[in-house]
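Below is one structure, written out as structure tokens; the observations come after it.
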Amino acid sequence: MRVVKSLIAPTLFALGLLASAGPAAAQEKLTVWWVKGFYKAEDEALFAAIKKFEDKNKNVKIELSQYPIQDMIPKTVSALDSGSPPDVAYADVYDFQVTGKWAYDGKLEDIGSVLTPMKDRFAPNTLETTFLYNEQTKKKAYYAFPIKQQTMHIEYWNDMLTEAGFKESDIPTTWKDYWSFWCEKVQPASRKASGKRTFAIGQPMGVDSSDSFYSFLTFMDAYNVKLVDDNGKLLVDDPKVRAGLISAVTDYTKPYLTGCTPPSSTSWKDPDNNVAFHNKTTVMTHNATISIAAKWLDDSNNATLTPEQREEARKNYTERIHTAGFPNKPDGSKMVYRTAVKTGVVFKDAKNKARAKEFVAFLMQEENLTPYVEGSLGRWFPVTKAGQASEFWKADRHRLSVFNQYAAGTVTFEFTKNYKFTVLNNENVWAKAMSRVVTDKVPVDKAVDEMIARIKTVAAQ
């Protein structure tokens with residue numbers, strides 16, 4: 001844990017006042033838990049916003065505790081169970097795993113009074129994802145605040161593509177041809193040119209990886225599969241849904257079955273496809289942020305590295321690594337990407353809910369939120385219209401690619417309509433189906449039927 005002390009000293013009183021009035025009033029405390037930033041600039045932007053809030057509210061001391069991403073949910077759940085949650089909390093994985101369930105269980109404070117007045121500032125499919133159902137009140141309300149969002153991207157080494165004898169313009173735009181191009185053309189040519197056992201694709205497939213389910217669900221979207229309707233009711237008994245899932249699982253497992261992704265990809269955790277890519281073990285991978293490219297941008301400005309290392313990082317970011325969207329869907333239409341809106345919360349049992357709402361409203365002001373989002377070097381995309389209009393998103397081709405993907409429109413995750421899909425994501429029924437096919441050698445249709453059965457067991461309303 002990293003505990004950040006208040007960034008201003010307590011208010012000082014004149015000596016005469018102290019003498020006549022006795023001890024100064026105790027300072028009001030606001031407890032904030034926040035995930036540790038991926039980059040230094042993220043944390044610095046958060047600290048700056050906290051300092052500004054404390055400067056504005058002289059009697060308030062913010063006690064900020066930061067934890068690594070993997071610790072945030074266990075620590076928050078423990079605090080909830082003990083009846084002493086923080087006033088405000090944010091983690092990059094709350095949306096995937098817990099926000100919807102906490103809302104359903106009545107553990108979150110309704111913050112509509114904060115969000116409704118700024119409703120028009122938000123881009124489509126952002127604020128809507130925080131309008132969640134509470135089983136205790138039997139109605140929906142704004143039970144979380146949207147901070148930033150992510151979607152799926154393709155990253156590839158253009159220099160490896162060139163070494164294999166291909167140009168960027170050679171990459172097909174149709175679905176089947178796109179994947180066969182990497183596996184059947186690039187991989188053998190890359191191995192022949194380099195003399196190394198490189199793999200064309202880094203295909204995340206690990207059960208412990210959120211990358212694997214995000215990537216798989218993107219394949220599912222390519223086949224226009226809808227698992228729930230707008231009210232959260234399951235649609236998995238529709239034969240078209242089953243057929244689409246069979247096609248998605250078939251396509252997703254094919255690179256592994258044909259030796260086009262590293263054998264270890266079935267056990268990858270979230271960092272592993274990044275590592276394989278950075279080591280140039282793979283030519284291409286898909287990732288739910290542009291953190292792969294941004295890693296090299298960060299390195300290029302890292303004063304602890306040598307000038308040579310920084311220059312190499314700069315070339316990787318500006319020249320060698322390319323960011324792109326997915327190919328067209330199998331039916332020929334353009335991909336529409338699912339966005340994961342990252343959410344923070346105020347807890348129902350928080351000790352200082354009034355001040356917590358003030359802090360959330362302050363943090364959501366554009367002059368505070370935009371520096372925090374842009375501090376991630378493009379890893380996260382803004383949820384506000386003004387943030388998306390920033391020139392930051394047109395400053396280089398990686399960010400411009402992200403901007404263009406969002407400009408084409410987005411769809412939301414199933415858990416925004418049926419919170420029980422957070423359970424299915426935690427279980428990673430998607431990667432388990434893959435494993436049944438590639439490890440247990442089960443036919444795809446059987447693996448899909450098992451997956452559908454589990455979805456119905458968990459998520460039926």
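The figures here come from the full heavy-atom set of this structure, side chains too, leaving out hydrogens, waters and symmetry mates.
Tested against Trp393 for a ring-ring contact (aromatic ring centres under 6.0 Å, His included), the candidates Trp380, Phe381, Phe403 yield a single pass: Phe381.
Listed by chain and number, the residues in a side-chain contact (heavy atoms from CB on, under 4.5 Å) with Gln136 are Asn134 (sequence neighbours excluded). Among residues two or more places apart in sequence or in another chain, the side chain to side chain donor-acceptor pair (under 3.5 Å) test is passed with Thr126 by none. Residues that satisfy the side-chain contact (heavy atoms from CB on, under 4.5 Å) test with Ala49, not counting sequence neighbours, are Leu363, Asn368. For Tyr406, the side chain to side chain donor-acceptor pair (under 3.5 Å) partners are Thr339, not counting sequence neighbours. When the ring pair (Phe, Tyr, Trp, His ring centres under 6.0 Å) test is applied to Phe347, the partners found at least two apart in sequence or on another chain are Trp102. Residues forming a side chain to side chain donor-acceptor pair (under 3.5 Å) with Asn301 (at least two apart in sequence, or on another chain): none. Considering only residues two or more places apart in sequence or on other chains, Phe413 meets the ring pair (Phe, Tyr, Trp, His ring centres under 6.0 Å) condition with Phe96, Tyr214, Phe415. Applying the ring pair (Phe, Tyr, Trp, His ring centres under 6.0 Å) criterion to Tyr156, with sequence neighbours excluded, gives Trp182, His322. Under the side chain to side chain donor-acceptor pair (under 3.5 Å) criterion, Asp95 pairs with Lys342, sequence neighbours left out. Remark: Gln70 engages Pro68 in a side-chain contact (heavy atoms from CB on, under 4.5 Å) (not counting sequence neighbours). Contacts of Thr31 classified as side-chain contact (heavy atoms from CB on, under 4.5 Å), with partners at least two apart in sequence or in another chain: Lys29, Trp33, Pro86, Asp87.
A salt bridge links Asp449 to Arg242: at least one charged side-chain nitrogen sits closer than 4.0 Å to a carboxylate oxygen.
When only modelled atom types and interatomic distance are considered, Glu366 and Thr370 share a side-chain donor-acceptor pair under 3.5 Å. No side-chain N or O of Ser300 forms a donor-acceptor pair with one of Trp296 less than 3.5 Å apart.
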Review item, side-chain donor-acceptor pairs of residues 107-115, under 3.5 Å, at least two apart:
unit_1: Glu109; atom_1: OE1; unit_2: Lys353; atom_2: NZ; d: 3.3
unit_1: Glu109; atom_1: OE2; unit_2: Lys357; atom_2: NZ; d: 3.0
unit_1: Asp110; atom_1: OD1; unit_2: Gly112; atom_2: N; d: 2.8

